[in-house]
Amino acid sequence: MTEPVGRRQTLQALIKHVRFLLAIALTQFFSSWLYTSFAQAPTERPKGEDMNQDSTPGTLDPYRLPRHVVPIRYDLRLEPDLTAARFAGQETITLTVLQPTSEIVLNAIELDITSAQIEGNSGPARQATMALDASLERCHLTFTAPLSPGTWKLTMTFCGTLNDKLRGFYRSTYKDERGATHSMAATQFEATDARRAFPCWDEPDFKAVFATTLVIDPTLSAVSNTMIASETLAGGKKVVRFADTIKMSTYLVAFIVGRIEPTESVMIGQTALRLWAIPGKGHLARFGQDIAAASLSFFENYYGIPYPGDKLDLLAIPDFASGAMENLGAITYRETALLVDQHSASHGELERVADVVAHENAHMWFGDLVTMSWWNGLWLNEAFATFMEMLAVDAWKPEWKRWDSFGVSRAAAFSVDGLWSTRPIEYPVQAPKDADAMFDVLTYEKGASVLRMLEQHIGPTVFRDGVRDYLRAHAYGNADTNDLWVSLGKIAKQPVPELMDGWIFQPGYPLITAELREGLELVLTQQRFTYLPNPSPLALHPSPVTWQIPLQLRVTAGGKANTSRMLLTEKESTVPLPRDWESILLNEGGHGFYRVRYAPDLLDRLLNTGIDRLAVTERFNLINDAWAITAAGLMPFTDYLDLTARFTAERDKNVWAVLLDSFSFLNRIITVEDRPALEAFVRGRAGPAVAALGWAPRSGESELTKQLRGELIGAQGKLGNDPAIQRRAAELYRAYRNDAKAVDPNVVPALVAILAHTGDATRYDEFNERFRTAATPQEERRYLFSLAAFQPKALLERTLARTISGEIRTQDAPFLVSAILGNVYGRELAWAFVKTNWEKMDQIFPKQGLRRMCGGIVSLATPELERDVREFFTTRKIDLGGKTLEQYLEQLRIGVNVRERDGIVLRQYLQAFR
Ligand SMILES: [Zn+2]
């Protein structure tokens with residue numbers, strides 16, 4: 001899956017919502033998806049046995065089905081009634097009984113099962129006695145006499161509700177141009193919600209063939225994983241029978257029914273590719289189709305295996321909890337992640353669509369063809385797809401310099417992984433819900449970062465060949481993380497598992513401190529990086545000692561740069577230096593997942609040779625590491641603020657993202673009286689670049705420069721509170737309203753953000769109307785989120801009230817609340833609103849939306865608010881799954897800690913700018 005709101009959001013949006021540290025903030029968007037809540041599921045499982053291997057009927061494991069009966073094939077027939085929001089179903093499951101048994105156990109929940117009978121190769125059908133176990137989401141079928149080993153056909157009839165919770169088989173609604181409401185039905189099964197649509201063996205390693213038939217209103221269309229095999233009319237209904245799927249997991253099954261329209265299909269090799277949207281939106285499909293086509297052929301080449309399905313449909317669903325879902329052959333998306341107008345969208349919005357489309361396509365092999373055995377392997381599935389999305393988009397649009405902007409993703413992972421409350425990338429998962437907390441920045445961004453580090457270490461071709469080996473060895477089956485390391489190690493002829501263990505199974509990452517000894521020896525020391533001192537040095541947080549760090553070192557001597565590669569395995573290593581060394585750079589190329597702290601003399605030399613001689617990612621890491629080290633109290637605050645002055649000539653949007661985000665952090669922790677001084681400081685830092693870039697693109701300018709212009713203008717108008725910029729923004733917005741081509745698309749988001757920041761009730765009404773009548777999903781989102789960026793309390797109150805009134809889709813409402821929590825003018829208000837309306841929000845928001853909303857608390861960086869937040873979550877005993885809440889609270893603590901530790905120094909420093 002992909003998370004709902006861009007994890008690599010445009011800087012504009014970051015600043016608009018005034019977030020915390022570059023990426024600490026992003027975490028609120030990164031956690032989990034739809035997962036089933038096992039309300040009363042026992043938390044213990046029998047120890048000392050591998051349940052995966054257990055084939056004893058009546059196993060005690062509450063999370064893994066017994067393995068004495070195995071499904072081979074599902075013949076599914078479903079008849080959804082969109083008006084009544086119900087569906088009727090019938091299925092025949094062909095299964096193998098491995099040992100005599102009188103009991104079959106499979107998964108089902110919120111289904112009304114009306115009959116179940118089984119037939120063997122001979123003899124009459126036998127009725128089953130059914131018992132449902134709602135807490136374990138299971139159905140037990142018992143027979144009066146044992147079933148003998150062999151093949152059986154189990155037939156069940158059932159019915160259920162098309163729910164509004166965006167999981168299982170659910171209903172999505174939309175309004176047409178005349179304002180009439182229409183319904184459609186869609187599915188979202190990962191991780192464990194296929195069982196809400198049909199009784200099944202709902203675990204990833206029970207792979208089977210699915211043959212689906214949908215019985216629908218003749219005016220509607222139906223899409224499932226495979227091509228349509230036949231379409232007939234019967235009893236006034238359209239009966240759509242789909243071809244057999246490959247052998248695959250239940251969580252990848254999908255069916256979508258509604259008034260949806262396809263694009264003309266294009267052939268990519270042997271595969272017909274189409275996009276689907278509700279009527280009136282098909283013209284927004286072109287860009288998505290282009291990257292879908294490009295990435296599909298890219299992956300066929302990269303993996304060296306043809307696309308595993310028989311066609312590929314990509315569908316935009318108006319209500320969708322995550323960003324997208326990799327159902328084989330029928331990938332579902334929220335509209336903003338698939339549909340876009342190439343001419344009016346900003347670069348960031350286009351990049352988002354390209355990323356998500358490439359990501360889901362990558363899963364068709366990695367995830368769908370070869371699937372994790374159990375949910376502990378989920379991280380690899382997602383990390384790998386994230387890594388591959390970069391490769392594919394980079395190959396498609398090299399001028400986007402995708403690996404440079406990946407620095408922002410890596411920085412997001414660094415922020416969360418620098419917490420004591422972080423977790424290892426992979427950890428044991430017993431209940432599927434334990435994997436909830438895996439849909440986060442550590443899985444996607446840290447996972448992809450360490451894969452990139454490994455790829456660079458063993459070489460891209462060797463890496464690719466290892467991946468091919470892995471996919472061929474496990475096609476149509478399941479595999480574990482170690483299987484990938486084994487394949488990579490075999491091809492690389494290197495001990496890959498040993499290298500990767502520390503990065504995968506230890507929490508955190510190293511900080512390498514570089515110092516000089518005797519002037520001619522470089523001493524490198526590794527230690528775990530954290531923002532706060534160890535809260536319990538002895539017991540609870542045993543700090544990992546070392547990592548195996550692939551280090552790339554560049555030493556410039558006599559005007560020549562020399563690169564050396566080494567693997568740091570010890571706590572301390574020394575590197576001899578040439579007598580005439582001039583400067584030293586660690587983490588050349590910037591692929592390493594570690595931070596660097598230079599001793600002051602080394603840093604001076606590096607800076608004095610000119611930061612413009614560093615590559616983009618190296619400059620990015622230099623400032624990003626310096627900021628983190630400053631927040632951790634390891635570098636004087638004033639040194640960091642001085643350092644930012646060296647970047648006024650910077651023209652890379654990613655480097656600016658770090659700078660501006662650190663300024664946003666300051667905005668959150670300073671007192672109200674200091675705000676004018678901070679604004680002046682920001683104007684001083686960003687002003688030269690804003691003036692140099694101007695308001696309109698120059699001929700031949702890159703997309704990236706255009707985006708930087710928009711982001712810097714936005715920052716100058718909001719964080720810098722620059723009246724001249726604000727006046728010009730108002731003028732240009734007027735021009736844009738008269739002629740949409742009057743302003744570059746990358747500047748429009750900045751205009752909207754600035755006008756919301758300075759706006760009154762009239763502007764609010766205008767933007768609200770623009771939200772309601774937006775022409776594209778991106779415009780809709782832009783104006784919706786602008787309603788969180790105003791300053792007057794009465795306006796923010798209106799926005800808050802609408803998040804729970806049913807007026808705003810529940811896929812978006814929690815993020816809107818989170819955005820107001822991040823608005824320094826609205827955070828107290830939003831926090832009070834959350835406290836008052838918690839029950840209602842808990843009831844109506846999708847579970848992962850509620851969790852992400854709570855990510856907004858990291859912005860409440862005053863000692864009083866922090867106390868109140870802690871008290872609320874403690875007394876309510878709220879659990880957001882995994883370590884999510886602990887991480888939010890620690891991020892909040894970091895902000896308040898900087899305020900308490902450095903507040904006075906900061907105030908004195910800023911006074912000079914008033
Ligand atoms: Zn994914």
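If you read the sequence from its start, that first residue is 1, and numbering goes on from there. Start at 1 and go down the list; that is how both ligands and their atoms are numbered.
- Taking the Zn ion (ligand 1) as reference, His359 places its N/O/S atom NE2 nearest.
- A perpendicular orientation is assigned to the rings of Phe198 and Phe210, their planes being inclined by more than 60° (bins at 30° and 60°).
- No more than 12 heavy atoms of other residues, nucleotides or ligands sit less than 6.0 Å from atom CD of Gln270.
- Residue side and main chain included, Glu382 places an N/O/S atom under 2.8 Å of the Zn ion (ligand 1).
- Note on His363: its N/O/S atom closest to the Zn ion (ligand 1) is NE2.
- Among the backbone and side-chain atoms of Met1, an N, O or S atom lies under 2.8 Å from the Zn ion (ligand 1).
- Ring-plane geometry between Tyr470 and His474 is classed as tilted, the angle between the planes lying from 30 to 60 degrees on a 0 to 90 degree scale.
- A salt bridge between Lys883 and Glu886 is absent, with no side-chain N of the basic residue lying under 4.0 Å from a carboxylate O of the acidic one.
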